[in-house]
Amino acid sequence: MTRARRTSYGVKGAPYAFLLPAATLFALFFALPIGYAVWLSLHKVRVSGLGLGAGARKEVWAGLENYTDALTDSELLHGALRVVGYGAIVVPVMLGLALVFALMLDTDRVRLASFTRLAIFLPYAIPGVVAALLWGFLYLPDVSPFSYVLNELGLPQPDLLDGGPLYLALSNIAVWGGTGFNMIVIYTSLQAIPVEVYEAAKLDGATPLQIALKIKIPMVAPSLVLTFFFSIIATLQVFSEPTTLKPLTNSVSTTWSPLMKVYQDAFGKGDIYAAAAEAAIIAVVTLVLSFGFLRAANSGNKQEEAR
């Protein structure tokens with residue numbers, strides 16, 4: 001083989017060599033676990049007799065039985081409904097606040113912009129478990145300074161860890177922790193808009209409110225779609241907040257959210273096969289909703305461009 005041919009092969013193979021480490025990590029830590037989870041979901045354990053002795057517990061093919069049981073499981077369905085109610089509060093409030101903060105920071109009159117951005121973003125840097133513990137103790141009437149102030153003022157002390165207010169308590173933790181990240185994404189998109197666009201709008205007599213509504217928000221629509229996409233995924237995968245608050249209240253069950261149900265079946269009941277089927281269903285639902293939303297958003301953008 002000539003030197004020129006060896007050099008040509010080396011150049012052609014260079015991209016694959018660079019991709020090999022990433023592909024290996026993807027296969028070992030992403031594709032392989034997913035494949036193993038799907039394999040587990042199609043099996044179950046058959047117990048013979050009292051389940052004692054060698055061969056009494058045998059892994060057998062179950063087909064779609066685990067999926068059928070999961071889809072008809074009332075606890076999983078109720079958990080999904082609770083997450084829908086939780087997301088109906090978290091997503092619009094969090095993205096609405098992120099958009100408002102980003103628009104406010106993008107104005108010329110704002111003072112201490114760097115400090116304000118850091119203050120809004122800082123809660124995102126706090127781990128979810130720590131944030132849930134922090135707010136959990138602020139919710140407890142016996143130790144909460146808010147309850148003490150309300151008591152001194154002779155005002156009623158609401159129990160935020162019981163009944164309907166529990167949704168607001170959990171949503172507040174997510175909004176407090178996630179608004180800063182979404183704000184940074186939207187604010188970065190606002191900074192990328194050319195200044196000439198604003199100057200032209202001002203020459204035409206547009207007010208700051210009109211510039212925000214007619215120029216800024218439409219031009220950062222892709223960032224809004226991205227943040228909404230991430231928020232939906234995070235909502236469907238809620239786990240840390242209710243799990244952390246569970247020891248503080250009886251209103252949070254071990255199956256409050258779908259992921260908590262998966263964890264309970266896998267490590268509480270020891271049925272990893274049912275848990276794998278439930279996890280696969282959650283993953284499929286997340287993918288369907290995500291791709292459906294992205295397709296609808298892209299279709300809307302194409303229609304706007306056609307106009």
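- The closest donor-acceptor contact from the side chain of Arg82 to the backbone of Tyr167 lies at 3.5 Å or more, if one exists at all.
- Residues Ala206 and Gln210 share a closest heavy-atom pair of CA-OE1, 3.3 Å.
- From Leu133, atom CG reaches atom CD of Glu241 across 11.0 Å, with rounding to the nearest 0.5 Å.
- Under the 4.5 Å side-chain heavy-atom criterion for Ile, Leu, Val, Met, Phe, Trp and Tyr, Leu95 and Val175 are members of the same hydrophobic cluster.
- Distance OG/Ser251 to CG/Asp162: 3.5 Å, rounded to 0.5 Å.
- Shortest non-hydrogen contact noted between Ala131 and Ile126 is N-CG2, 4.0 Å.
- Trp256 has its side chain within reach of Tyr86: a pair of non-hydrogen atoms, C-beta onward, lies under 4.5 Å apart.
- In this structure, the separation between CG on Asn151 and OH on Tyr148 is 8.5 Å, given to the nearest 0.5 Å.
- Applying the side-chain hydrogen bond (donor to acceptor under 3.5 Å, both in side chains) test to residues at least two apart or on different chains, the pairs with a partner in residues 259-271 are Asp73-Lys261, Lys261-Asp265, Lys261-Glu278.
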Practice problem: List the steps and the verdict of side chain to side chain contact (heavy atoms under 4.5 Å, CB included) for Tyr198 and Asp106. | Solution: CA-CA 12 Å; Tyr198 301 147; Asp106 194 53; 3.6 Å; yes
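- Between Leu248 atom CG and Leu160 atom CG the span is 12.5 Å, to the nearest 0.5 Å.
- Here the closest non-hydrogen pair linking Met183 and Phe101 is CG-CB, 3.7 Å.
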Quiz prompt | Evaluation steps, side chain to side chain contact (heavy atoms under 4.5 Å, CB included), between Asn182 and Phe228 | solution = CA-CA 9 Å; Asn182 294 301; Phe228 183 82; over 6 Å; no
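- When side chains are defined from C-beta on, Pro145 counts as touching Leu138, because their heavy atoms get closer than 4.5 Å.
- Heavy-atom minimum distance, Ala62 versus Lys44: CB-CG, 3.7 Å.
- Considering only heavy atoms from C-beta on, Ile184 comes within 4.5 Å of Thr188 through its side chain.
- The two residues Pro158 and Pro156 have their closest heavy-atom pair at CD-O, 3.4 Å.
- Using a 4.5 Å cut-off on side-chain heavy atoms (C-beta onward), Leu150 and Ser144 make no contact.
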Practice problem: Test Tyr139 against Ile173 for side chain to side chain contact (heavy atoms under 4.5 Å, CB included), laying out the working first. | Solution: CA-CA 11 Å; Tyr139 293 150; Ile173 299 173; 4.0 Å; yes
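- Shown here is Asn250, whose CG atom has no more than 12 heavy atoms of other residues, nucleotides or ligands within 6.0 Å.
- Between Ile232 and Leu236, the closest side-chain pair of non-hydrogen atoms falls below 4.5 Å.
- A side-chain donor-acceptor contact under 3.5 Å links Ser257 to the backbone of Val238.
- With hydrogens and angles ignored, the 3.5 Å screen pairs no side-chain donor or acceptor of Thr255 with any backbone N or O of Glu75.
- Ring planes of Tyr36 and Trp39: parallel class, angle under 30° (limits at 30 and 60°).
- Listed for the Thr107 side chain is a donor-acceptor partner under 3.5 Å among the backbone atoms of Met104.
- No side-chain heavy atom of Ser231 sits less than 4.5 Å from a side-chain heavy atom of Val90.
- Ile193 and Val225 fall into different hydrophobic clusters, defined by Ile, Leu, Val, Met, Phe, Trp and Tyr side-chain heavy atoms under 4.5 Å apart, directly or through other members.
- Residue Leu122 holds its CG atom at 7.5 Å from CH2 of Trp176, rounded to the nearest 0.5 Å.
- Under the 4.5 Å side-chain contact rule for hydrophobic residues, Leu97 and Phe121 share a cluster.
- Linking Ile, Leu, Val, Met, Phe, Trp and Tyr residues whenever their side-chain heavy atoms come within less than 4.5 Å places Leu134 and Phe146 in a single cluster.
- The hydrophobic clustering, which links ILVMFWY residues whose side-chain heavy atoms are closer than 4.5 Å, places Leu76 and Leu40 apart.
- Each of Leu289, Ile282, Val284, Val288 was checked for a side-chain contact (heavy atoms from CB on, under 4.5 Å) with Thr286, and the lone residue meeting it is Ile282.
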Practice problem: Report the C-alpha separation of Val220 and Lys216 in whole Å, then their side-chain angles, then the decisive distance to 0.1 Å, and conclude whether the side chain to side chain contact (heavy atoms under 4.5 Å, CB included) test is met. | Solution: CA-CA 6 Å; Val220 299; Lys216 291 184 177 181; 5.6 Å; no
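- Under a 3.5 Å cut-off, the side chain of Asn66 and the backbone N or O of Ser41 do form a donor-acceptor pair.
- Counting heavy atoms from C-beta on, the side chains of Ser171 and Val93 never come closer than 4.5 Å.
- Side-chain contact between Leu19 and Phe26 is absent, with no heavy atoms from C-beta onward closer than 4.5 Å.
- Remark: of the listed residues Leu190, Leu224, Thr227, Thr179, Leu224 is the sole one forming a side-chain contact (heavy atoms from CB on, under 4.5 Å) with Leu99.
- Under the side-chain contact (heavy atoms from CB on, under 4.5 Å) rule, Leu161 has a single partner from Val252, Leu245, Leu170, which is Leu245.
- Annotation for Ala212 and Pro218: closest pair O-CD, 4.4 Å, computed over non-hydrogen atoms.
- Atom NZ of residue Lys202 and atom CG of residue Asp204 lie 12.5 Å apart, to the nearest 0.5 angstrom.
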